[in-house]
Number of protein chains: 2
Amino acid sequence: MEEPKKRSRRGRTPAVSGRTPRPRQAEVARLAGVSQATVSLVLSDKTTGATISDETRQRVLDAARSLGYVPDPAAQRLAAARNNLLGVFSFTATFPTDVQHSYYPFLVGVEQEAAARGYDLVLFTGSSSGGAGASRPDALSRVRLADGCLFLGRHAPVAELKRMVADGFPVVHLGRRDELEGLPWVGADYVSASAEVVGHLSALGHRRIVLVREDDDAPASTDRQQGFLEGLLAAGLEGGPEAVFRSADPERDLTPERLRHWLDEGVTAFVAEETDTGAAWRALCGAVEEAGLSCPDDLSLALLGSPPGDLVACPQATGFDIPRPELGAAAVRLLAARVAGEEAEEPLVACVFRPGTTTGRPPERH
Amino acid sequence: MEEPKKRSRRGRTPAVSGRTPRPRQAEVARLAGVSQATVSLVLSDKTTGATISDETRQRVLDAARSLGYVPDPAAQRLAAARNNLLGVFSFTATFPTDVQHSYYPFLVGVEQEAAARGYDLVLFTGSSSGGAGASRPDALSRVRLADGCLFLGRHAPVAELKRMVADGFPVVHLGRRDELEGLPWVGADYVSASAEVVGHLSALGHRRIVLVREDDDAPASTDRQQGFLEGLLAAGLEGGPEAVFRSADPERDLTPERLRHWLDEGVTAFVAEETDTGAAWRALCGAVEEAGLSCPDDLSLALLGSPPGDLVACPQATGFDIPRPELGAAAVRLLAARVAGEEAEEPLVACVFRPGTTTGRPPERH
DNA sequence: GCGCTTCAGTAATGCGTATTAGTAATGCGT
DNA sequence: ACGCATTACTAATACGCATTACTGAAGCGC
């Protein structure tokens with residue numbers, strides 16, 4: 001016969017004197033004069049497997065309330081394998097000092113949608129955070145505390161993501177992410193939005209339009225070009241390769257002479273892709289100014305996106321806005337679905353056309 | 001004899017087909033030919049209580065690596081009785097649509113400091129969030145999921161906070177909160193900052209200064225007035241009650257006539273308290289403009305704080321800035337200390353004097 | 001070769017909750 | 001009054017990991 005020596009091993013003396021440890025289901029049970037299992041049943045409001053009388057139920061609820069009982073999420077998760085917690089992981093700080101680059105607009109939607117679905121958010125700060133414990137290797141494994149995790153930013157560690165996807169851990173990337181097979185993501189519909197901008201120009205009467213883009217192959221760029229071309233096609237305009245001006249350094253290559261040449265050829269409108277630097281748009285605006293032209297009188301300009309932060313407002317550029325909060329909400333919806341084991345898919349989120357003052361009817365030419 | 005019927009109760013069939021369950025320590029142990037306890041010892045790198053030969057250690061490590069073992073954080077936390085999680089609770093949405101009113105600047109510091117200390121953040125969205133399950137009564141108790149919790153905003157529910165404090169749950173309020181006995185808080189030192197502004201004016205040669213404030217008794221207002229008076233005292237200026245103009249509706253009561261009257265009496269500078277509406281400052285600026293006066297030529301103006309968002313920049317107001325990120329960081333430090341059971345106290349955080357273009361030497365008179 | 005001390009590792013828990021098998025008490029029909 | 005169903009619970013376990021008491025084996029001094 002073995003004497004169990006109850007609770008002798010790890011006498012959990014409160015580390016801090018005076019701190020009352022959180023009440024457990026066991027305490028609630030004692031107070032209500034029932035078993036721990038009953039407490040669990042009452043509190044989880046399960047109808048299967050057992051029935052509880054209203055009177056007992058009430059006693060348990062009262063006891064729980066009076067003790068201020070709150071379930072231990074770790075234990076719940078361990079037992080039930082879920083937590084009602086969604087992770088938000090960004091490799092860079094979620095709240096950078098420079099608000100301009102922050103994920104704030106996305107989080108607005110993420111928070112709202114998560115709250116609406118009864119999830120709380122856990123922010124996992126990427127390993128890159130300055131200060132002490134930088135680059136902890138476990139940063140990514142901690143993520144699994146949540147039921148699923150949202151990844152933000154282009155620096156998400158591919159290898160680890162792959163693993164999680166392979167393990168079936170629910171993961172969603174905010175922003176297009178095709179290269180990672182099986183990684184669910186939500187993104188904005190740059191194609192349609194770009195086509196719409198072209199449609200707008202076409203409706204104003206423009207017949208020859210040129211796209212100015214940088215020389216890289218990010219999906220964001222490719223999508224815009226595709227939308228641009230589709231837009232031309234839809235408007236019945238010509239869309240040969242000469243309609244796209246691609247340059248590694250648009251600010252140098254897009255000279256006023258070049259611009260004039262296009263105008264002489266009958267081009268009346270230009271669209272620039274949006275990038276984080278805004279180089280294409282800057283180049284375009286710069287060249288117009290240098291050439292002594294004015295917009296929208298001499299030519300129309302449009303931006304396939306939103307103007308860079310430092311250029312906001314001044315001349316209101318025609319283009320489209322990315323509905324970041326909606327994107328965040330869509331990501332949460334998708335993630336929640338995957339947590340629930342569904343194979344849901346979120347459609348691309350539509351961008352909003354933003355009329356501006358940089359486009360107008362093409363100038364009359366003899 | 002009871003047949004244990006191993007793993008029969010909760011056949012953990014993968015909810016989603018194709019989901020490979022993560023390997024456990026038990027699998028690692030089997031592969032390495034040791035016990036689960038040994039795996040735990042090796043992986044946690046503990047030196048106490050047991051010793052492991054290098055050879056065994058290596059076998060375990062290899063096995064873990066080859067299986068891609070990742071510890072289950074929930075289990076770890078359950079066993080260790082801590083979460084490494086700090087809660088952030090704001091009664092209103094943490095990420096409001098209107099960035100102007102957000103806690104963002106605080107969160108910058110909160111996140112950084114938390115990351116540096118190895119904590120992750122859980123955002124508890126206050127009950128006020130729109131959408132479904134609005135005003136869930138458990139919102140506040142969920143907070144206990146974390147090891148401790150930060151409260152933001154003046155709407156923090158007093159009764160619940162009291163309970164938590166009484167229970168010894170580590171809690172810190174961001175922003176002064178004297179009325180709640182025993183509630184630790186961090187705040188900005190408005191007194192010193194206000195005094196410094198007065199000192200600045202005095203150094204410029206101003207001898208009579210008037211404070212314009214609203215008619216409430218929030219600590220933020222009281223502190224500023226106290227600092228104002230202390231500043232006068234320190235500068236050897238007169239600080240009778242007539243030096244403070246207090247009005248429930250400054251925008252109506254602060255007339256151009258009133259302003260001229262003060263000027264005639266020899267007042268050369270005015271300071272306004274900062275409030276969320278910015279009413280006092282607006283009233284002051286409005287009256288100056290209406291009176292056809294110009295600043296800083298005819299009189300000097302200073303603001304005890306930062307200008308309201310919509311007035312940013314234009315004329316750069318002399319005043320001081322609240323170092324919100326520092327405040328956030330200080331709050332986390334205090335909270336971390338309390339979680340660790342220390343009785344730490346954070347001093348007030350100093351505000352930064354912000355020179356501006358609204359103050360200058362007093363005008364020469366007769 | 002007898003105690004005694006490391007050394008190396010294992011068995012047996014415990015953390016707090018969810019789940020399910022089982023049980024005692026009662027009701028009901030015949 | 002017996003069997004069976006229903007009601008209202010409780011006992012016992014599992015979840016995955018950390019911890020610690022304990023066990024065998026080997027080494028050491030005398």
Side-chain angles (χ1 to χ4, degrees), chain A residues 2-12 21-30 32-60 64 67 69-84 138 141 144-145, chain B residues 2-12 21-30 32-60 64 69-83 144-145:
Chain A
E2 322 233 339
E3 271 304 319
K5 275 217 235 163
K6 290 197 171 179
R7 291 188 122 264
S8 69
R9 298 260 167 108
R10 307 204 294 168
R12 202 164 286 246
R22 247 159 11 97
R24 309 294 161 195
Q25 284 188 350
E27 273 98 285
V28 177
R30 211 173 303 136
V34 298
S35 72
Q36 174 267 322
T38 303
V39 174
S40 175
L41 287 172
V42 169
L43 294 180
S44 62
D45 208 21
K46 279 285 192 307
T47 41
T48 28
T51 46
I52 309 286
S53 71
D54 281 351
E55 194 252 320
T56 303
R57 175 183 305 279
Q58 202 51 54
R59 273 218 319 287
V60 170
L67 287 179
Y69 169 79
V70 181
D72 179 329
Q76 277 187 311
R77 167 157 182 81
L78 186 56
R82 64 170 333 214
N83 233 337
N84 265 100
D138 66 326
S141 79
R144 299 186 116 113
L145 167 77
Chain B
E2 323 234 338
E3 270 303 319
K5 274 216 230 161
K6 289 197 172 181
R7 290 187 122 262
S8 68
R9 298 259 169 107
R10 308 205 291 166
R12 204 166 282 249
R22 233 140 37 80
R24 311 292 158 193
Q25 285 189 348
E27 273 96 285
V28 176
R30 211 173 303 137
V34 297
S35 72
Q36 174 266 321
T38 304
V39 174
S40 175
L41 287 172
V42 168
L43 295 180
S44 63
D45 208 21
K46 279 285 190 308
T47 41
T48 29
T51 45
I52 308 287
S53 71
D54 281 350
E55 195 252 320
T56 304
R57 174 184 305 279
Q58 201 52 54
R59 272 218 319 286
V60 170
Y69 170 79
V70 181
D72 179 332
Q76 280 184 307
R77 285 165 176 175
L78 182 56
R82 60 189 313 242
N83 275 192
R144 296 185 119 111
L145 171 152

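The model shown is predicted, which means the values in this text are computed figures rather than measured ones. Throughout, a chain's letter reflects where its sequence line sits, starting with A, and its residues are numbered from 1.
As a whole-Å value, the separation of A:Asp54 CG from D:dT7 C1' is 13 Å. When rounded to the nearest whole Å, the span between CD of A:Glu55 and P of D:dT7 equals 17 Å. Distance A:Tyr69 OH to C:dG16 P: 10 Å, rounded to the nearest Å. Atom-to-atom, CD of B:Gln58 to P of C:dG9 comes out at 13 Å; the value is rounded to the nearest Å. Put simply, CZ on A:Arg77 is 11 Å from P on D:dG16, counting in whole angstrom units. The separation between B:Ile52 atom CD1 and C:dG9 atom C1' is 6 Å, rounded to whole Å. Put simply, CG on A:Asp72 is 16 Å from P on D:dG16, counting in whole angstrom units. Summarising the geometry, the separation between CZ on B:Arg24 and P on D:dC15 is reported as 10 Å, rounded to the nearest angstrom.
When every heavy atom of B:Ala74 is checked against every heavy atom of B:Asp72, the shortest pair comes out as N-OD1, 2.7 Å. When every heavy atom of A:Val34 is checked against every heavy atom of A:Val39, the shortest pair comes out as CG2-CG2, 3.9 Å. Across every non-hydrogen atom of A:Arg59 and A:Gly33, the tightest pair is NH2-O, 4.1 Å. Closest approach of B:Tyr69 to B:Gln25, counting heavy atoms only: OH-CG, 3.2 Å. Here the closest heavy-atom approach between residue A:Leu78 and residue B:Leu78 is recorded as CD2-CD2, 3.0 Å. The two residues A:Leu43 and A:Ala64 make their nearest non-hydrogen contact at CD2-CB, 4.3 Å.
Each of D:dA18, C:dG9, D:dT10 was ranked by its minimum atom distance to the side chain of B:Ser53; first place goes to C:dG9. The side chain of B:Leu78 lies closest to C:dC15, out of C:dT17, C:dC15, D:dC17. Checking C:dG9, D:dG16, D:dT7 against the side-chain heavy atoms of B:Thr56 singles out C:dG9 as nearest.
Residue whose closest nucleotide on DNA chain C sits further toward the 5' end, between B:Arg57 and B:Ala75: B:Arg57.
Taking A:Thr56 as the reference, A:Ser53 meet the side chain to side chain donor-acceptor pair (under 3.5 Å) condition, with sequence neighbours excluded.
Considering only heavy atoms from C-beta on, A:Arg57 comes within 4.5 Å of A:Asp45 through its side chain. A:Glu27 places a side-chain heavy atom less than 4.5 Å from the side chain of A:Arg30.
Taking a pair as Watson-Crick or G-U wobble with both distances under 3.5 Å, DNA chain C forms stems of 3 or more consecutive pairs at C:1-30 with D:1-30.
Remark: A:Gln36, A:Ala37, A:Ser40 in residues 35-43 of chain A come within less than 4.0 Å of DNA chain C through at least one heavy atom.
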